[in-house]
K.L.:
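One structure, as structure tokens, below. Some questions next.
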Protein chains: 4
Amino acid sequence: MLTYDNNQPMYKQVIDDIKKRIVNGDFSHNPQFPSTRELAIAYGINPNTAARVYKELELQHICYSKKGVGTFLMNNLKLEEDLKRTMADNLLNSFLSNMSDLGFSKDEIIEEIKKED
Amino acid sequence: MLTYDNNQPMYKQVIDDIKKRIVNGDFSHNPQFPSTRELAIAYGINPNTAARVYKELELQHICYSKKGVGTFLMNNLKLEEDLKRTMADNLLNSFLSNMSDLGFSKDEIIEEIKKED
Amino acid sequence: MLTYDNNQPMYKQVIDDIKKRIVNGDFSHNPQFPSTRELAIAYGINPNTAARVYKELELQHICYSKKGVGTFLMNNLKLEEDLKRTMADNLLNSFLSNMSDLGFSKDEIIEEIKKED
Amino acid sequence: MLTYDNNQPMYKQVIDDIKKRIVNGDFSHNPQFPSTRELAIAYGINPNTAARVYKELELQHICYSKKGVGTFLMNNLKLEEDLKRTMADNLLNSFLSNMSDLGFSKDEIIEEIKKED
DNA sequence: GTGGTCTAGACCACA
DNA sequence: GTGGTCTAGACCACT
């Protein structure tokens, strides 16, 4: 769900959510994304903000837009896989770097994760 | 190192850095922080920004200021430990939640970490 | 080839392509254009878009339509020549103006062209 | 000057104009760009559109923004030169390709340019 | 005062 | 109906 008190702007939160949906295969059978107006309603945001989401995703080569037609998942067989890999790597790198700065060794980090519910 | 291309504002980056230094014991023998001017020079930031850093750290009960004297690490035996625990928990929660959204199970996450050099 | 990532709309890309074909004499022996349906298939575009192409070419007095018969190249001996002249002039003007804004003198421009393979 | 009847959106026209000014060395002594509000007034556009210009230039690694401070020309010694080269290459490629499609040989193209005033 | 984000609403070009 | 652009105005975070 979108949060307003977050330091992350709404359009980035929506982008992240869509990326996760792509990774989970939500668009593997139908590559067409909801229209900007539908997206706006679905997330409770302004149509302009929704358009910004797709524009940003287009810059990242994740989707492309045809004026008057719609917005589509990029035609790339490995896109879901690559996206998952890239996002996971980013999370891993920043997490491990920060934990290391706090003085955790790799073994300790793994211990911490195992302790979590 | 501080970056401008980061979504994190300067003052938060400095705050995080100082917190990490506290956790690593950099102030355990000398609880006095550098003056705002020294801090500004050390991090290459505006003195106003440096002042904001201490103001924020004060609000989080991590330091206190004596007018005309300086800024000091809060006199709390468990502060380092608590700080480490809180920061680690925040990192862990957000990391595990995001990895889970990407479809990684706990075991897979641990595998990924082991793979990192 | 037609591209969607182009700032040029599909129908203008097709119009330009047809104009180039006219200049190259592709219709000098048979002035009849393909039907809108054939055009749509040939270029992989929507029939509505194909119709728009001919409508636009008609407005520019490049072709004319006979209802129930087809679309034909305008019967004008100098049309190919005029078209070539007009298009070349447009290209030349905008190119020279832009290169000049970038600080290229006429001689430098010619040098650049000679360098191209 | 900006034109509204142009197929080019205003923000792209402004971007092109700024790029040309960079190539011409307008920012070589003072890397700070006008504020978004100043830019808006200077070009007679909405501040949002002005902000969009800088955001786009930032994506192209031509400038960077510091929140609360300003927008600056990227610190890259060869940027002006590279920009000039890239823009010229784009103009040359598209021009030569289009002229060639119209049936002009390289020598004929050079002749055409010499004929221009 | 600077850039960043968001809303609300409008108009356009395209298919 | 779709995406693209622009305006007007507001509020926020940062320096």
Side-chain angles (χ1 to χ4, degrees), chain A residues 2 4-14 32-40 43-58 63-72, chain B residues 4 6-14 40 43-53 56, chain C residues 4 6-14 40 43-53 56, chain D residues 2 4-14 32-40 43-58 63-72:
Chain A
L2 302 189
Y4 290 87
D5 59 334
N6 201 324
N7 48 356
Q8 281 288 90
M10 288 165 51
Y11 77 95
K12 285 197 179 171
Q13 295 182 49
V14 176
Q32 179 157 14
F33 286 169
S35 77
T36 54
R37 290 151 176 96
E38 286 171 343
L39 192 75
Y43 284 94
I45 57 180
N46 186 285
N48 271 330
T49 308
R52 181 172 188 176
V53 167
Y54 284 150
K55 184 155 196 196
E56 200 93 0
L57 285 171
E58 205 170 345
C63 70
Y64 61 96
S65 295
K66 299 187 198 178
K67 202 187 280 189
V69 183
T71 304
F72 302 85
Chain B
Y4 268 113
N6 201 321
N7 46 356
Q8 283 289 89
M10 304 290 288
Y11 81 95
K12 283 197 180 173
Q13 294 182 50
V14 176
Y43 283 97
I45 58 180
N46 189 293
N48 289 328
T49 309
R52 178 167 188 177
V53 167
E56 199 91 0
Chain C
Y4 267 113
N6 201 321
N7 46 357
Q8 283 289 88
M10 304 290 289
Y11 81 97
K12 284 197 180 172
Q13 295 183 50
V14 176
Y43 283 96
I45 58 180
N46 189 294
N48 289 327
T49 308
R52 178 167 187 176
V53 166
E56 200 92 0
Chain D
L2 302 190
Y4 290 87
D5 59 337
N6 200 324
N7 48 355
Q8 281 288 88
M10 288 166 50
Y11 77 95
K12 285 198 178 170
Q13 295 181 50
V14 176
Q32 180 157 14
F33 286 168
S35 77
T36 53
R37 290 151 176 94
E38 285 172 344
L39 191 76
Y43 284 93
I45 58 180
N46 186 285
N48 272 330
T49 307
R52 182 172 187 176
V53 167
Y54 284 150
K55 184 155 195 196
E56 200 93 1
L57 286 170
E58 206 170 345
C63 70
Y64 60 95
S65 296
K66 300 187 196 179
K67 201 187 282 188
V69 183
T71 304
F72 302 85

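Residue numbers begin at 1 in each chain, while the letters A, B, ... track the order of the sequences. Side chains are part of it too, since the values below use all heavy atoms of this structure and drop only hydrogens, waters and symmetry mates.
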K.L.:
Return the minimal non-hydrogen interatomic distance between D:I45 and D:L39, and the atom names on each side.
P.N.:
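Nearest pair, atom of D:I45 first, then D:L39: CG1-O, 4.4 Å.
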K.L.:
Would you kindly give the NZ-to-P distance between D:K12 and E:dC12, to the nearest whole Å?
P.N.:
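Rounded to whole Å, this separation is 20 Å.
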K.L.:
Checking side-chain contact (heavy atoms from CB on, under 4.5 Å) between B:Y11 and each of B:N48, B:N46, B:V53, which is the one that passes?
P.N.:
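For B:Y11, the side-chain contact (heavy atoms from CB on, under 4.5 Å) check succeeds only for B:V53.
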K.L.:
In dot-bracket form, how is DNA chain F paired, counting a Watson-Crick or G-U wobble pair only if both its distances are under 3.5 Å and using | for bases paired to another strand?
P.N.:
||||||||||||||.
K.L.:
Looking only at heavy atoms, which two atoms of A:Y54 and A:P34 are closest? And how far apart?
P.N.:
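A:Y54 and A:P34 have their closest heavy atoms at OH-O, 2.7 Å.
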K.L.:
Please answer whether the main-chain N or O of A:K12 pairs with a side-chain N or O of A:E56 as donor and acceptor at a distance below 3.5 Å.
P.N.:
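Checked: no pair found.
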K.L.:
What nucleotide, of E:dC14, E:dC6, F:dG3, holds the atom closest to the side chain of C:P9?
P.N.:
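For C:P9, the side-chain atoms sit closest to E:dC14.
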K.L.:
Measure CE/D:M10 against C1'/E:dC12 and give the value in whole Å, please.
P.N.:
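Distance, rounded to whole Å: 14 Å.
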K.L.:
Starting at atom CD of A:Q32, determine the distance to atom P of F:dT2, rounded to an integer number of angstrom.
P.N.:
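In whole Å, F:dT2 P and A:Q32 CD are 8 Å from each other.
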K.L.:
Could you check A:A51 against D:V69 and say which one's nearest nucleotide on DNA chain F is further toward the 5' end?
P.N.:
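Between the two, 5'-proximity favours A:A51.
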K.L.:
Provide, to the nearest angstrom, the distance between the CD atom belonging to D:E56 and the P atom belonging to E:dG3.
P.N.:
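Going from CD in D:E56 over to P in E:dG3 covers 17 Å.
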K.L.:
What are the two closest non-hydrogen atoms of D:Q32 and D:V69, and how far apart are they?
P.N.:
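Taking D:Q32 first and D:V69 second, the nearest heavy atoms are NE2-O, 3.6 Å.
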K.L.:
Whether C:Y11 contacts E:dA15 is assessed here as follows: a side-chain N or O lying under 4.0 Å from the phosphate OP1 or OP2. Is that the case?
P.N.:
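No, outside the criterion.
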K.L.:
Assign each of C:R52 and A:T49 to its nearest nucleotide of DNA chain E by heavy atoms, then name whichever residue's nucleotide is nearer the 5' end.
P.N.:
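First, find each residue's nearest nucleotide; the 5'-ward one identifies A:T49.
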K.L.:
Is any N or O donor-acceptor pair between the side chain of A:R37 and the base of F:dG1 shorter than 3.5 Å?
P.N.:
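Not at all, since no donor on one side and acceptor on the other fall under 3.5 Å apart.
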K.L.:
Nearest of F:dT7, F:dG3, E:dG4 to any side-chain atom of D:S65?
P.N.:
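So the side chain of D:S65 is nearest to E:dG4.
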K.L.:
Please state how far atom CZ in A:F72 lies from atom C1' in F:dG1, giving the value in whole angstrom units.
P.N.:
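After rounding, the reported distance stands at 12 Å.
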K.L.:
Quick one: A:K67 NZ to F:dT5 C1', roughly how many Å, whole number?
P.N.:
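About 9 Å, once rounded to whole Å.
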K.L.:
Can you tell me if A:T36 touches the phosphate of F:dG3, counting only side-chain N or O atoms and a distance under 4.0 Å to OP1 or OP2?
P.N.:
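For F:dG3, OP1 or OP2 has a side-chain N or O of A:T36 closer than 4.0 Å.
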K.L.:
Nearest whole angstrom, please: distance from the P of F:dT15 to the CG of B:N48.
P.N.:
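Those two atoms, CG and P, are 10 Å apart.
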K.L.:
Could you report the tightest heavy-atom contact between A:A40 and A:A50, atom names first, then the distance?
P.N.:
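Here A:A40 and A:A50 meet closest at N-CB, 3.9 Å.
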K.L.:
In whole Å, I'd like the distance from the OH atom of D:Y54 to the P atom of E:dG4.
P.N.:
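Taking OH of D:Y54 and P of E:dG4, I get 11 Å after rounding.
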K.L.:
At under 4.0 Å between heavy atoms, what does D:N46 touch on the DNA or RNA strands: base, sugar-phosphate, or nothing?
P.N.:
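It contacts base atoms.
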K.L.:
Looking only at non-hydrogen atoms, find the nearest pair between C:T49 and C:M10 and report the distance.
P.N.:
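Of all heavy-atom pairs spanning C:T49 and C:M10, the closest is CG2-CB, 4.4 Å.
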K.L.:
Check the phosphate of F:dG3 against A:T71, side-chain N and O only, distance under 4.0 Å to OP1 or OP2. Yes or no?
P.N.:
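A:T71 to F:dG3 OP1/OP2: side-chain N or O found under 4.0 Å.
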